[in-house]
Amino acid sequence: MIDIPAPLRLRLDSDALVQNWRTLDRVSGTAACGAAVKANGYGLGAIEVARRLAQAGCRDFFVSNWQEAAELAPLGLTVSVLHGVRDEDMAAAAAGFARPVLNTPTQVARWKAAGGGACDVMVDTGMNRLGVSAADIADGLLDTLQIDTLMSHLACAEEDSPMNAVQRDRFAALTGTTSAKRMSLANSAGIALDGYAFDLTRPGLALYGGVPCADLADVIRPVARIEAQILQRRRVPAGQTVGYNATWTATTDTEVAIINLGYADGYFRGFSDRGTAMIGTTGLNVIGRVSMDLVALDVRLEPSANEGDWVTFETDLASASRASGMSQYELLTSLGRRLSRCWRG
Ligand SMILES: *Cc1c(COP(=O)(O)O)cnc(C)c1O
């Protein structure tokens with residue numbers, strides 16, 4: 001294939017990724033720190049992320065389904081599949097490149113019928129999303145299972161909610177009631193809570209530069225930044241408008257740059273009139289509606305900006321989330337395929 005340099009790219013910082021994992025590992029205390037690499041490593045590239053974290057010492061990886069696990073298989077890592085096993089997954093599960101996190105009595109029965117083997121189990125402690133119940137466990141549902149990790153998931157970890165302690169206490173009460181070698185409760189935000197780490201933590205968002213709670217704000221580094229090229233420069237005379245639905249009107253003659261980036265790339269319409277970008281150290285504002293493949297910037301402050309120049313978009317996920325109204329998770333996992341992933345290090 002011809003190598004055509006992309007007009008938009010995602011700059012990825014290996015060092016920041018590894019530092020974030022080390023930070024989360026340290027804050028996890030004596031607990032081991034794993035990594036959620038589902039959804040293609042939150043959009044950054046599961047293989048690239050997992051390889052780097054494994055090299056840094058991360059030993060436990062989490063994906064949602066078996067297709068994601070199969071993609072990681074060549075790396076030979078310990079991978080847990082959060083959605084467990086359907087009948088359709090049993091052949092993959094038998095191949096042994098990952099183990100299921102069993103979530104329902106049906107999944108448990110399926111796993112037992114196939115001969116068992118190492119697995120993880122999710123127990124619901126109040127989120128009412130995935131997991132068997134504590135009552136099922138008391139009734140012996142998990143007896144004879146060979147469980148590596150018993151896990152549960154916090155509903156409100158990024159908030160100061162009384163539900164956190166309720167879930168932690170329900171989970172702690174299960175200690176020693178199953179064959180599980182390890183207990184795991186905390187996602188990124190849960191790591192910042194005191195006393196929630198148990199034996200293994202499962203951060204995702206914060207590895208990738210997301211900041212779910214104030215305690216992590218100063219220690220988590222941005223990992224990804226969007227860069228895109230200017231496609232056209234134009235002068236918009238006072239009184240004229242820019243973009244779809246003519247939502248932005250020039251109050252004075254305005255220098256505008258049209259950029260190779262749009263909502264099809266995960267640069268959401270919520271950034272219309274609210275997003276920010278940089279050329280060098282100059283901050284620039286998005287004006288008008290974000291289109292599918294294009295967005296306009298006011299470049300009055302950067303008169304030398306020209307066709308082909310590169311622009312860097314907001315790298316702070318928390319600010320980008322506030323500006324766009326999208327969660328930091330959505331911003332990461334929606335990063336489109338047209339952004340070529342360029343790792344430094
Ligand atoms: C996605 C996920 C995580 C990671 O959560 P973050 O908030 O991204 O840190 C951990 N555990 C489970 C069960 C998950 O589904």
Side-chain angles (χ1 to χ4, degrees), residues 16-39 41-44 49 53 56 58 60-64 80 82-83 101 120 122-131 149-172 174 182-224 315-334:
L17 173 74
V18 166
Q19 281 308 321
N20 288 342
W21 180 77
R22 293 211 167 106
T23 296
L24 294 161
D25 187 39
R26 177 171 48 73
V27 182
S28 297
T30 56
C33 183
V37 295
K38 59 195 183 187
Y42 286 44
L44 308 193
V49 165
L53 294 182
C58 181
D60 299 274
F61 294 86
F62 300 90
V63 295
S64 288
S80 294
L82 291 164
H83 292 188
V101 181
D120 299 324
M122 176 70 71
V123 55
D124 180 61
T125 51
M127 187 178 187
N128 282 303
R129 195 176 65 170
L130 289 178
T149 305
L150 183 69
M151 57 186 87
S152 191
H153 195 55
L154 295 166
C156 309
E158 73 280 8
E159 297 168 40
D160 182 15
S161 159
M163 192 155 166
N164 291 326
V166 169
Q167 287 196 269
R168 179 199 57 199
D169 294 347
R170 285 181 186 155
F171 188 56
L174 297 168
R182 302 188 293 179
M183 305 270 285
S184 173
L185 177 63
N187 63 347
S188 299
I191 292 173
L193 299 173
D194 216 17
Y196 288 69
F198 290 85
D199 304 309
L200 170 67
T201 59
R202 309 185 306 266
L205 184 73
L207 292 172
Y208 309 110
V211 175
C213 55
D215 285 348
L216 293 176
D218 295 334
V219 291
I220 293 300
R221 288 168 49 183
V223 174
T315 53
D316 183 293
L317 277 167
S319 335
S321 168
R322 282 190 295 275
S324 61
M326 306 300 285
S327 74
Q328 297 178 60
Y329 297 86
E330 290 166 295
L331 292 176
L332 282 170
T333 59
S334 301

- Message: My understanding is that only residues two or more places apart in sequence, or in another chain, count here; which of them pass side-chain hydrogen bond (donor to acceptor under 3.5 Å, both in side chains) with Ser327?
- Response: Glu330
- Message: Treating Thr333 as the side-chain partner and Gly43 as the backbone partner, does any N or O pair qualify as donor plus acceptor under 3.5 Å?
- Response: no
- Partner residues of Arg322 under the side-chain hydrogen bond (donor to acceptor under 3.5 Å, both in side chains) criterion, sequence neighbours left out: none
- Message: Show me the pairs that pass side chain to side chain donor-acceptor pair (under 3.5 Å) and involve residues 189-218, at least two apart or across chains.
- Response: Ser28-Thr201, His153-Arg202, Ser184-Arg202
- Message: So, using side chain to side chain contact (heavy atoms under 4.5 Å, CB included) as the criterion, who are the partners of Val63 when residues are at least two apart?
- Response: Val37, Glu68, Ala69, Leu72, Val79, Val81
- Distance in Å, Asn187 CG paired with Glu158 CD, rounded so as to fall on 0.5 Å steps: 7.5 Å
- Task: Would you please name every residue forming a salt bridge (Lys or Arg N to Asp or Glu O under 4.0 Å) with Arg221, sequence neighbours left out?
- Result: Asp13, Asp15
- Not counting sequence neighbours, which residues clear side-chain hydrogen bond (donor to acceptor under 3.5 Å, both in side chains) with Asp60? List them please. Arg182
- Item | Atom of Leu207, atom of Asn20 and distance for their closest heavy-atom approach | O-ND2, 3.2 Å
- Might you point out which heavy atoms bring Cys156 and Met163 nearest each other, and give the distance in Å? SG-SD, 4.1 Å
- Which pairs, with at least one residue in residues 163-172 and sequence neighbours excluded, count as a side chain to side chain donor-acceptor pair (under 3.5 Å)? Thr125-Gln167
- Item | Qualifying residues under side chain to side chain contact (heavy atoms under 4.5 Å, CB included), relative to Leu317, sequence neighbours excluded | Gln328, Leu331, Leu332
- Message: Determine whether a donor-acceptor pair (N or O, by modelled atom type, separation under 3.5 Å) exists between the side chain of Ser188 and the backbone of Pro203.
- Response: no
- Hits for ring pair (Phe, Tyr, Trp, His ring centres under 6.0 Å) against Phe171, two or more places apart or cross-chain, chain-then-number order -> Phe198
- Item | Minimum-distance pair of heavy atoms, taken over all atoms of Lys38 and Leu82 | CD-CD1, 4.2 Å
- Query: Say you draw a straight line from OG1 of Thr23 to CG of Leu216; how long is it, rounded to the nearest 0.5 Å?
  - Reply: 9.0 Å
- By side chain to side chain contact (heavy atoms under 4.5 Å, CB included), which residues pair with Ala56, not counting sequence neighbours? Val18, Trp21, Arg22
- Item | Gly190 to Leu154 - nearest heavy-atom pair and separation | CA-CD1, 4.0 Å
- Message: So which atom in Pro222 and which in Ala16 form the shortest heavy-atom distance, rounded to 0.1 Å?
- Response: O-CB, 3.3 Å
- Who pairs with Arg26 by salt bridge (Lys or Arg N to Asp or Glu O under 4.0 Å), at least two apart in sequence or on another chain? none
- Query: Of all heavy-atom pairs between Ala192 and Cys213, which one has the smallest distance, and what is that distance?
  - Reply: CB-SG, 3.7 Å
- Item | Residues that Asp124 engages under salt bridge (Lys or Arg N to Asp or Glu O under 4.0 Å), provided they are two or more places apart | none
- If you measure from CZ on Phe62 to CE on Met151, what distance do you get to the nearest 0.5 Å? 4.5 Å
- Can you measure from CG (Asp316) to CD1 (Ile220) and round to the nearest 0.5 angstrom? 12.0 Å
- Item | Gap between atom CG of Asp120 and atom CG of Leu200 - 0.5 Å precision | 8.5 Å
